[in-house]
Amino acid sequence: MPETHPPIELQGLGLAALAKVIGERRLPPVDQWNPERCGHSDIRIARDGTWYHQGSPIRRPAMVRLFSTVLRREPDGRHVLVTPAEKLEIDVDSTAFRAVQMSSEGEGRDRRIGFSLDSGDALILGPNHPLRLVDDEHGPFPRIMVRHGLEAELARPVYYELADLALAEGGDPPGIWSDGAFFALDRAR
């Protein structure tokens, strides 16, 4: 089967062009599918973003990208792969996606920040894709809402790049504007 969703590359793509590419991408309507047939897929997404099936890494990036398009998070927190015919639970160690690259344009309230995800998707941080901080045993981790209850954890280098932008602007509290919304990067305030 030919791949219908090649990865979106941030390199050399302005954020207006990125928004256009994102807007043209059509994903399956997994939020509308509620099949009766359910089970477990024996798939796991590790904290580092590696997908496993029956304990072995899935080595075909196109297969992972395909699976990521039919993934959603249920209201009870479970992650499922869903088609019109079946819904299969998967195990997710942290988040379904990782934000692995960042691009920023503008300054202050006029800034827009785009992220590419390890799934080959991309998004623009803003009201439709807000950022929040989550504390776990490894410390605070910033996460961005992707779609259907799924989040992307920022890879550490990307988080540091985002924090550098916030600190350079000198806001109080430290945070970042993107697409007209402000996101605090300091939970203490």
Side-chain angles (χ1 to χ4, degrees), residues 1-11 13 18 21-103 114-125 128-159:
M1 173 192 317
E3 184 173 6
T4 58
H5 294 287
I8 297 173
E9 300 290 335
L10 285 185
Q11 200 76 346
L13 196 61
L18 176 64
V21 169
I22 293 168
E24 292 171 350
R25 183 165 275 201
R26 299 288 172 243
L27 296 172
V30 298
D31 57 324
Q32 298 172 21
W33 295 338
N34 293 299
E36 301 238 353
R37 185 172 173 215
C38 298
H40 198 283
S41 64
D42 210 10
I43 292 177
R44 177 177 73 91
I45 304 173
R47 183 172 192 108
D48 70 357
T50 303
W51 287 59
Y52 291 88
H53 181 252
Q54 296 180 338
S56 297
I58 300 174
R59 300 206 185 278
R60 293 182 51 208
M63 181 72 72
V64 170
R65 285 193 298 274
L66 176 64
F67 284 153
S68 76
T69 66
V70 294
L71 184 61
R72 77 175 183 214
R73 192 163 185 194
E74 299 289 78
D76 64 7
R78 292 178 302 130
H79 291 78
V80 294
L81 297 171
V82 63
T83 70
E86 65 184 344
K87 177 170 58 173
L88 301 173
E89 190 172 342
I90 70 169
D91 299 318
V92 177
D93 292 353
S94 178
T95 60
F97 306 114
R98 252 113 334 268
V100 294
Q101 189 180 19
M102 185 181 103
S103 177
F115 293 94
S116 65
L117 308 180
D118 59 351
S119 63
D121 285 324
L123 57 83
I124 295 176
L125 179 66
N128 294 326
H129 301 285
L131 180 134
R132 69 187 185 107
L133 292 178
V134 174
D135 291 317
D136 71 10
E137 68 273 7
H138 303 287
F141 281 91
R143 294 180 176 182
I144 302 172
M145 180 57 65
V146 178
R147 63 178 175 269
H148 308 301
L150 302 169
E151 295 179 306
E153 188 171 283
L154 272 64
R156 279 293 175 190
V158 174
Y159 180 36

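Since the structure is predicted, the reported quantities are computational estimates derived from the model, not experimental observations. No hydrogens, no waters, no symmetry mates; every other heavy atom, side chains included, goes into these values.
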**Study point:** Residues that Asp93 engages under salt bridge (charged side-chain N to carboxylate O under 4.0 Å, His left out), provided they are two or more places apart
**Key:** Arg44
Review point. What pairs with Arg78 under salt bridge (charged side-chain N to carboxylate O under 4.0 Å, His left out), at least two apart in sequence or on another chain?
Key: Glu74, Asp76, Glu89
Exercise for review: Would you sort out whether Phe115 and Leu125 count as a side chain to side chain contact (heavy atoms under 4.5 Å, CB included), showing the intermediate values?
Suggested key: CA-CA 7 Å; Phe115 293 94; Leu125 179 66; 3.8 Å; yes
Working to the nearest 0.5 angstrom, can you tell me the gap between [X] [atom1] and [Y] [atom2]?
X	Y	atom1	atom2	value
Leu66	Leu81	CG	CG	9.5 Å
Leu88	Ile43	CG	CD1	7.5 Å
Ser119	Trp51	OG	CH2	8.5 Å

So which heavy atom on [X] is nearest to which on [Y], and how close?
X	Y	answer
Glu151	Val146	C-CG2, 3.9 Å
Pro57	Thr50	CB-CG2, 4.2 Å
Val82	Pro35	CG2-CD, 3.7 Å

With sequence neighbours left out, write down each residue that passes side chain to side chain donor-acceptor pair (under 3.5 Å) with [X], or none if nothing qualifies.
X	value
Glu86	Arg37
Asp31	none
Arg73	none
Thr95	Arg98

Residues in side-chain contact (heavy atoms from CB on, under 4.5 Å) contact with [X], at least two apart in sequence or another chain:
X	answer
Ser94	Arg47, Arg143, Glu153
Ala96	Ile45, Leu71, His79, Leu150
Pro84	Trp33
Asn34	Arg72

**Study point:** Charged N-O contact under 4.0 Å between Asp121 and Arg147
**Key:**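 Looking at Arg147 together with Asp121, the answer is yes, because their closest N to O distance falls below 4.0 Å.
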